[in-house]
Amino acid sequence: MAKLSDPVTMLKGVGPTKAKQFAQLNIFTLGDLICHFPRGYEDRTKLVTISQLEQDKSACFRAMVMNSPRTSHIRKGLDLTKVQVADHTGRLTLTFFNQKFTTGQLEYGKEYIFYGGISGDYLGYQMTSPAFESPDAPPVVTRRVLPRYPLTAGLSNASVFKAVQQALAICDPPEEIIPEQVRRQYGILPAERAYYAIHTPTSMEEAEMAKKRLIFEEFFVFSAGLSLLRASRAGKQTPPYRNTDLQSFYDRLPFALTGAQRRAIDEIRQDVRSGAPMNRLVQGDVGSGKTMVAAAAACLAIQNGEQAALMAPTEILAEQHQKSLEKLLQPLGIRVALLTGSMPEKQKRLTRQALADGEIHLAVGTHALLTDTTEFHNLGMVIADEQHRFGVGQRSKLSAKGRDAHVLVMSATPIPRTLALIMYGDLDVSILDEMPPGRQKVDTFLVGESYRARINAFIRKQVAEGHQCFVVCPAVEENEELGIRAAETWAETLGQTVFPDLRVMLLHGQMKGAQKEAVMTAFAAGEGDILVATTVIEVGVDVPNATLMVIEDADRFGLSQLHQLRGRVGRGSAKSYCILTSHNRNAETLQRLKALCKTNDGFQIAEEDLKLRGPGDFFGSRQSGLPAFRVADLSCDLKTLKDAQAASAQWIDTEGTADTPEAIALRSRIGELFRRAEGTIN
Ligand code: ADP
Ligand code: MG
């Protein structure tokens, strides 16, 4: 018997060339191959008569060959073979291109099972290149469900199929990790059966069952992993903070905290007093005031003699945080420093040195803070802003930086409860469900291109009233994708042709850090009327004077992302608007966008997004911070997900640390999954 960790090259027919092609699909071992699941199936189980064959629908039928196949040479490189077949209901001409060898196997007067689809023209029905085999041979290409695999250049479906079948024949599939009682309760196939059936199902139903089991398995592993993380932390101890009085911090604030902010901060105070490391998620819609909660947490650590680190997903946001926090905290004697990847090496080195010496109390940065060269004197509090972009991998890395540091993560993406439970099963959650006073609803409209003149007039009106506008485009450059509005060219058009008298600025992610910074600062200072930008402005940037956001080709963005973008306006006292434009006429797309016009409640929008697009799209492929699930491309139903969550939580509680073969296998699988999750960084 071979092992799952053996290389694919041990298979017959897999040499260095094939191995390279498999590597393209991230397949290196037999185990990888067995976990290379089909993306779909071709159901060839249905057997019909010739008369029942339907146009453009492939099916199997049994028929007799009525003449010897005749091949004609059409031109260089093109041979055409025709053969007549018949059953008791009718006749059919089969046409094959360049398959002289194959068709040579069709014998006059014999019966075969064919699989193909017919196409008809005025000359009658015909079928092109059907698959066929003898009714007496075991079914290979007909009368069964054939998997369709994700492929890469040079690898055919047939060769992947063959390799997978070989692998399954010479080694056992991954071990069972789901206890029998759980399988029984949720109607889940055993591992062995599922791994065979996903590749060689006898029916579509069985394929579905296998898929369900494998999805369940992935979520089971993931949530069990989170439960274990939680359990492992539960045993940990950290000196309780003695000084949790934040009065001097509160006194510095230019406003009174909202009730929700107070509650979140109080929960954090309790956590840090408890003697166990905090692991808390603060969830709050854009503008709900998460930064103040982060600042309070940082203060708690610092006034108890420890350092704090705040990580933001982008440099712009990190810079903004650093500035506003410095202004707020410096008078309290707190030293705040910025550390980002694009800073000059020398400055980075000096900052790192100051961090290691403990001269800096609060470091604000991007994931540069995570690199191994950054050392802290005594890091006690790690805060991650806009958490949805930091995966589990980063999360555990962060807390490892400070020995059992407190971890606070903040998410501005309102996440439906179901998903929050899954993604953050290892965290306690505080919710900021209250906006600071004075926030207004942003009136949102969805319009087509015919409204262009009116949009332009509206922009002009806002500017005439002394306000500023954002115009967001889905692309930076024209050539990225056809027909998609690009920030660069659109800024040029607006600046030169449409609004030559107004000050139009441009901001996008491909600009250098310092350049972006300069543009943002200038725009925030009122030196521009219109800022044409990509989604780089999605997070953080605060321009209270901006009252209008136009989002071009809005159908290109996810709902939650649009909601984030929209959160950039309506931050001042003036009435604010958001205009979504779209060429898309697809009813579903329009319905999705209209959800945004109806409500300003991020959670409601998130639920809607989830309902319409499923969790996979909801998070966007790369930003989810979820590990790379193999089967569960997250388009599965939420029911399975919830079941797996419930089952794993219960099981981990009772048997998670046991030494049963299942528990041991499960723990090793969790390790694997979390290692794969490391890869997902913004
Ligand atoms: P979030 O990060 O949750 O999107 P921010 O922390 O950036 O929100 O806060 C948004 C704006 O609201 C900032 O300008 C901040 O100064 C302000 N703010 C925060 N809390 C309050 C409050 N309690 N009262 C008034 N304004 C507040
Ligand atoms: Mg924020």
Side-chain angles (χ1 to χ4, degrees), residues 229 232-246 248-249 252 265 267-282 291-312 318 321-322 325-326 328-341 343 347-385 387 390 393-410 426-428:
L229 257 184
S232 73
R233 286 193 203 113
K236 288 203 172 132
Q237 298 210 331
T238 172
Y241 286 177
R242 307 243 168 252
N243 176 6
T244 55
D245 175 23
L246 286 168
S248 51
F249 168 71
R252 287 283 314 154
I265 293 173
E267 283 163 347
I268 293 168
R269 289 171 64 209
Q270 277 174 23
D271 290 345
V272 297
R273 274 199 298 252
S274 75
M278 167 174 76
N279 277 284
R280 182 167 293 279
L281 166 72
V282 174
T291 317
M292 287 309 125
V293 177
C299 280
L300 283 173
I302 295 160
Q303 72 192 25
N304 285 277
E306 297 187 333
Q307 289 172 301
L310 171 64
M311 309 212 324
H321 277 331
Q322 192 263 333
L325 290 175
E326 182 156 60
L328 188 73
L329 302 177
Q330 204 170 31
L332 298 174
I334 293 176
R335 281 186 300 273
V336 184
L338 181 72
L339 184 62
T340 61
M343 274 168 37
Q347 206 181 333
K348 267 193 274 195
R349 208 170 53 236
L350 289 175
T351 307
R352 287 204 171 107
Q353 190 58 53
L355 275 173
D357 294 345
E359 278 165 34
I360 293 170
H361 301 118
L362 170 59
V364 183
T366 52
H367 56 251
L369 280 180
L370 276 184
T371 60
D372 295 329
T373 42
T374 312
E375 270 173 40
F376 290 83
H377 179 64
N378 60 347
L379 181 60
M381 174 74 65
V382 175
I383 307 164
D385 195 7
Q387 142 74 18
F390 297 114
Q394 279 82 43
R395 227 136 83 203
S396 48
K397 216 164 175 180
L398 261 179
S399 49
K401 270 273 164 208
R403 263 180 310 137
D404 302 332
H406 296 296
V407 174
L408 180 67
V409 292
M410 298 190 290
D426 57 327
L427 306 175
D428 298 310

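In what follows, every heavy atom counts, from backbone to side chain, and hydrogens, waters and symmetry copies are set aside. Since the model is a prediction, treat every value here as computed from it, not as a measurement. Along the sequence shown, the residues carry numbers beginning at 1.
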Checklist entry - Could you state the interatomic distance from CG (L339) to CG (L369), rounded to the nearest 0.5 Å? => result 5.0 Å
Item to check | R242 atom CZ, over 12 foreign heavy atoms within 6.0 Å | outcome: no
Item to check | Closest non-hydrogen atom pair between A337 and I360, with its separation | outcome: CB-CD1, 3.3 Å
Checklist entry - How close do I383 and A298 get, heavy atom to heavy atom, and via which atoms? => result CD1-N, 4.1 Å
Next on the checklist: Going by side chain to side chain contact (heavy atoms under 4.5 Å, CB included), M278 matches just one of T238, I268, D428. Which one?
Outcome noted: I268
Checklist entry - Roughly how far apart are L362 CG and Q330 CD, rounded to 0.5 Å? => result 11.5 Å
Next on the checklist: Please check this pair: side chain of Q303 against backbone of D245, looking for a donor-acceptor N/O pair closer than 3.5 Å.
Outcome noted: yes
Checklist entry - Can you tell me how far OG1 of T291 sits from NE2 of H321, rounded to the nearest 0.5 angstrom? => result 4.5 Å
Next on the checklist: Please tell me whether H406 and D271 have a donor and an acceptor in their side chains that are separated by less than 3.5 angstrom.
Outcome noted: no
Item to check | CZ-CD1 distance between F249 and I334, expressed to the nearest 0.5 angstrom | outcome: 8.5 Å
Item to check | Residue that, paired with L408, satisfies side chain to side chain contact (heavy atoms under 4.5 Å, CB included) out of L310, L427, V282 | outcome: V282
Next on the checklist: Tell me if a side-chain donor or acceptor on K236 pairs with a main-chain N or O of A276 at a distance below 3.5 Å.
Outcome noted: no
Checklist entry - Just by modelled atom types, is the R335 backbone N or O under 3.5 Å from a matching donor or acceptor in the H361 side chain? => result yes
Checklist entry - Which atom names give the shortest non-hydrogen contact between T366 and G341, and what distance separates them? => result OG1-N, 4.0 Å
Checklist entry - What's the spacing between L325 CG and L338 CG if we round to 0.5 Å? => result 11.0 Å
Checklist entry - What are the two closest heavy atoms between A405 and P277, and how far apart are they? => result O-CB, 3.8 Å
Item to check | Side chain proximity check, H377 to Q307, heavy atoms < 4.5 angstrom | outcome: yes
Item to check | Side-chain (N304) to main-chain (N243) donor-acceptor, under 3.5 angstrom | outcome: yes
Item to check | Considering all heavy atoms, the nearest A296-I265 contact | outcome: CB-CD1, 3.6 Å
Item to check | Separation between CD of E326 and CD of Q322, rounded to the nearest 0.5 Å | outcome: 4.5 Å
Checklist entry - Does some side-chain heavy atom of L246 sit less than 4.5 Å from a side-chain heavy atom of L300? => result yes
Checklist outcome for this item: When every non-hydrogen atom of A295 is compared with those of L328, the smallest separation belongs to CB-CD2, 4.2 Å
